[in-house]
There are 2 protein chains.
Amino acid sequence: MNGKIFIIEDEPSIIQLVQHNLEKNGFIVSSSLNGNDGLKELKKFQPDLLLLDWMLPDLSGIEICKNIRKDNSFKNLPVIMLTAKGEEEDKIKGLDSGVDDYLTKPFSFNELMARIKAVLRRSNPNTVSDNLKFDDLMLDRIEKRVFRDDQEIKLGPTEFRLLEFFLTNPKRVYSRDQILESVWPNNVNVESRTIDVHIRRLRQSVNLKNKKELIRTVRSSGYSLI
Amino acid sequence: MNGKIFIIEDEPSIIQLVQHNLEKNGFIVSSSLNGNDGLKELKKFQPDLLLLDWMLPDLSGIEICKNIRKDNSFKNLPVIMLTAKGEEEDKIKGLDSGVDDYLTKPFSFNELMARIKAVLRRSNPNTVSDNLKFDDLMLDRIEKRVFRDDQEIKLGPTEFRLLEFFLTNPKRVYSRDQILESVWPNNVNVESRTIDVHIRRLRQSVNLKNKKELIRTVRSSGYSLI
DNA sequence: TTAATTTGTAACAAAATTGTAACATTTGAA
DNA sequence: TTCAAATGTTACAATTTTGTTACAAATTAA
């Protein structure tokens, strides 16, 4: 069993217990003690599954869940909700907000483990498109779409391939020759300056207002994401 | 998915939730809040499947189940029993009374749906037509019909196969080659441009007025639903 | 059989993409 | 600071890709 699991839960003892046991089972685990932190951390951590407490000090689990579903890159993130006993009638709301499964506290770790496995198995490999992500950028290779923070960015074919190429190794600086070899079809001959123009086009599309520059020019070396 | 489902369950919130979601998935649903009413309604409704609560105000789920099995017309009616947590050890008794599957509350709707499909498929493979849905579009593979928001759309054979193919993985972008391989009979040789023409024909049929475009062109890559 | 429908292709129209040149601006070394 | 090299920017024509239509051949229904 492998995969990354994120926990949002305000009870430290539960976090400790669950995290420890999950890690013993080969998962990579991270966690937050409240909703707002959780939502931020989530993006950095890019988990394969989320364990979400129902009652949190700031946001409710429901609110978090709805929030998550709005985010394109987490549209398919499986969520298991942890509810305390007696909150059961609220379940209706929970199901509509897109929770995949429930677990009522107190629960045994085996029980949790079984649910996690089931949910991960269920999260259909077909629907999980392999996305490339970097910062607030997301490129969906299956659907051929690019988003920056949920806002779709329309790219031409070459711009798309160019961005896709950079995203396979973000931060790495590529020379114009390397870019040509990888992004252009073999045995085409284009001026290396052509890349500059395409970089400009990509920049124009990707650099939405209020967003920081994503493509760095490294003088005399090439370009990279940053 | 179609079929008639009857629910006997004394908790109105659960009925509401389940009924609403099942109907959204194309089932016809009726319900009763107690065992005696349920048994009567059942005969009128003639369901294809019964969701049965374990603990009811008058009769227990077990008793109802045994009762049903005596009736010749319901001898093979599939039953899924809903049990509350903690009644688990009683399951053994349940199995003897002819229940087809169990679900422990609380359960997610996805879980319920999966069980329903499984049980229906097992008991009556013919009545379970597996429909493909996307947005307001519905394609019935059994009856070979297509609807958009209840309005039937007449398609030619190739258009039908084409749409069917797209619906197995909506949003995913397929190249013309992939489309050719999957939609056309093997070893036929048709120009790849032929697809464009069929796409146009499909678009013309599927894009009713006041409806948004359903087929996306991804330049230099192919087509997808959107 | 005849009539209707479906299908593939060619031909042209429309739209989007691409490469390059030409000029502007920035950068960093001397 | 000065200047040459590197990069940014723009406009545009050529090319590629897709949309659309018409039509004849093939298939199916009546």
Side-chain angles (χ1 to χ4, degrees), chain A residues 144-146 152-166 173-209 211-226, chain B residues 144-146 152-166 173-207 209 212-226:
Chain A
K144 304 256 190 232
R145 276 137 69 86
V146 175
E152 178 157 12
I153 293 169
K154 300 277 185 188
L155 298 180
T158 306
E159 284 155 62
F160 187 91
R161 292 202 311 278
L162 195 55
L163 181 59
E164 187 180 15
F165 172 65
F166 278 118
V173 177
Y174 289 102
S175 73
R176 289 180 178 68
D177 281 345
Q178 289 176 308
I179 296 173
L180 264 188
E181 270 194 25
S182 306
V183 175
W184 267 257
N186 286 340
N187 60 48
V188 294
N189 255 33
V190 289
E191 302 277 331
S192 107
R193 285 305 310 280
T194 298
I195 288 162
D196 300 28
V197 178
H198 278 283
I199 288 283
R200 152 137 175 95
R201 287 172 181 155
L202 183 56
R203 273 184 172 140
Q204 216 161 21
S205 311
V206 158
N207 291 344
L208 306 178
K209 61 180 180 303
K211 294 284 174 183
K212 69 170 201 281
E213 174 73 46
L214 262 182
I215 300 171
R216 177 170 65 127
T217 305
V218 183
R219 190 160 233 266
S220 81
S221 292
Y223 299 96
S224 81
L225 295 192
I226 187 71
Chain B
K144 305 268 185 212
R145 276 138 65 93
V146 175
E152 178 156 14
I153 292 169
K154 295 284 184 185
L155 297 180
T158 307
E159 284 156 62
F160 186 90
R161 292 202 310 279
L162 194 54
L163 182 58
E164 184 180 16
F165 172 65
F166 277 119
V173 176
Y174 288 102
S175 72
R176 290 180 177 71
D177 282 344
Q178 289 176 308
I179 295 173
L180 265 188
E181 271 194 24
S182 308
V183 175
W184 268 257
N186 285 340
N187 59 48
V188 293
N189 255 33
V190 288
E191 300 279 329
S192 107
R193 286 304 310 281
T194 299
I195 288 162
D196 300 30
V197 178
H198 280 282
I199 288 282
R200 157 147 170 86
R201 287 171 181 155
L202 182 56
R203 273 185 172 139
Q204 220 160 19
S205 313
V206 157
N207 291 344
K209 61 179 180 302
K212 68 170 204 283
E213 175 73 47
L214 261 182
I215 300 172
R216 175 170 73 125
T217 304
V218 182
R219 198 156 233 266
S220 84
S221 291
Y223 299 95
S224 80
L225 295 192
I226 186 72

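Reminder, nothing fancy here: chain letters follow the sequence lines and each chain counts from 1.
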Open item on the list: Taking any atom closer than 4.0 angstrom to a non-hydrogen atom of chain B, what span of DNA chain D does the protein reach, first nucleotide to last?
Closed with: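 The footprint of chain B covers D/dT16 to D/dA22.
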Task: A/E181, CD: over 12 other non-hydrogen atoms inside 6.0 angstrom - done: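 No, the 6.0 Å shell around CD holds no more than 12 heavy atoms from other groups.
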TODO: With sequence neighbours left out, write down each residue that passes ring-ring contact (aromatic ring centres under 6.0 Å, His included) with B/Y223, or none if nothing qualifies.
DONE: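 B/Y223: no ring-ring contact (aromatic ring centres under 6.0 Å, His included) contacts found.
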Open item on the list: Contact list please: residues 155-165 of chain B against DNA chain C, heavy atoms, distance less than 4.0 Å, in numerical order.
Closed with: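 Within residues 155-165 of chain B, the residues near DNA chain C are B/P157, B/T158.
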Open item on the list: Just to be sure I understand the geometry, which residues of residues 196-204 of chain A put a non-hydrogen atom under 4.0 Å away from DNA chain C?
Closed with: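 Nucleic-acid contacts, sorted: A/V197, A/H198, A/R201.
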Once rounded to the nearest 0.5 Å, what's the spacing between atom [atom1] of [X] and atom [atom2] of [Y]?
X: A/I179; Y: A/L162; atom1: CD1; atom2: CG; answer: 6.0 Å
X: B/I195; Y: B/S175; atom1: CD1; atom2: OG; answer: 8.0 Å
X: B/L180; Y: B/N189; atom1: CG; atom2: CG; answer: 9.0 Å
X: A/F166; Y: A/S224; atom1: CZ; atom2: OG; answer: 7.0 Å

Open item on the list: With ring pair (Phe, Tyr, Trp, His ring centres under 6.0 Å) as the rule and sequence neighbours excluded, what pairs involving residues 188-208 of chain A come up?
Closed with: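 Qualifying pairs: A/W184-A/H198.
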- [ ] Please tell me if the side chains of A/I199 and A/R203 come closer than 4.5 Å, counting only heavy atoms from C-beta onward.
- [x]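 With C-beta onward as the side chain, the pair touches.
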Task: 4.5 Å side-chain heavy-atom contact, A/I215 and A/L225 - done: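 Yes, at least one pair of side-chain atoms sits under 4.5 Å.
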Partner set under side chain to side chain donor-acceptor pair (under 3.5 Å) for [X], not counting sequence neighbours:
X: A/E191; answer: none
X: B/T158; answer: none
X: A/R193; answer: A/D196

Open item on the list: Taking any heavy-atom pair under 4.0 Å as a contact, classify B/V218: base, sugar-phosphate, or nothing.
Closed with: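 The residue B/V218 makes sugar-phosphate contact but no base contact.
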Open item on the list: For a quick check of understanding: with a heavy-atom distance under 4.0 Å over all strands, which category does B/T194 fall into, base, sugar-phosphate or nothing?
Closed with: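 Result for B/T194 = base.
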Open item on the list: Just the rounded figure in Å: distance from C1' of C/dC23 to CZ of A/R193.
Closed with: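 Taking atom C1' of C/dC23 as the reference, CZ of A/R193 is at 11 Å.
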Open item on the list: Output the rounded distance in Å from CG (B/N189) to C1' (C/dT7).
Closed with: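 Taking CG of B/N189 and C1' of C/dT7, I get 15 Å after rounding.
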TODO: List in chain and number order the residues that pass side-chain contact (heavy atoms from CB on, under 4.5 Å) with B/P157, two or more places apart in sequence or in another chain; answer none if no residue qualifies.
DONE: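 By the side-chain contact (heavy atoms from CB on, under 4.5 Å) rule, B/P157 matches B/R161.
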Task: Partners passing side-chain contact (heavy atoms from CB on, under 4.5 Å) against B/V218 (at least two apart in sequence or in another chain) - done: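 Only A/K144, B/V173, B/R216, B/S221 meet the side-chain contact (heavy atoms from CB on, under 4.5 Å) criterion with B/V218.
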Nucleotide N/O of nucleotides 26-30 of chain C paired with protein N/O under 3.5 Å:
residue, atom, partner, partner atom, Å
C/dT26, O2, A/R219, NH2, 3.4

Open item on the list: C/dG8, OP1 or OP2 - any side-chain N/O from B/W184 closer than 4.0 Å?
Closed with: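 Answer yes for this pair, as a side-chain N or O of B/W184 is under 4.0 Å from OP1 or OP2.
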Open item on the list: Roughly what angle, to 10°, lies between the helix axis at the start of the helix from C/dT1-D/dA30 to C/dA30-D/dT1 and the one at its end, five pairs per end?
Closed with: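 Both end axes considered, the difference amounts to 30°.
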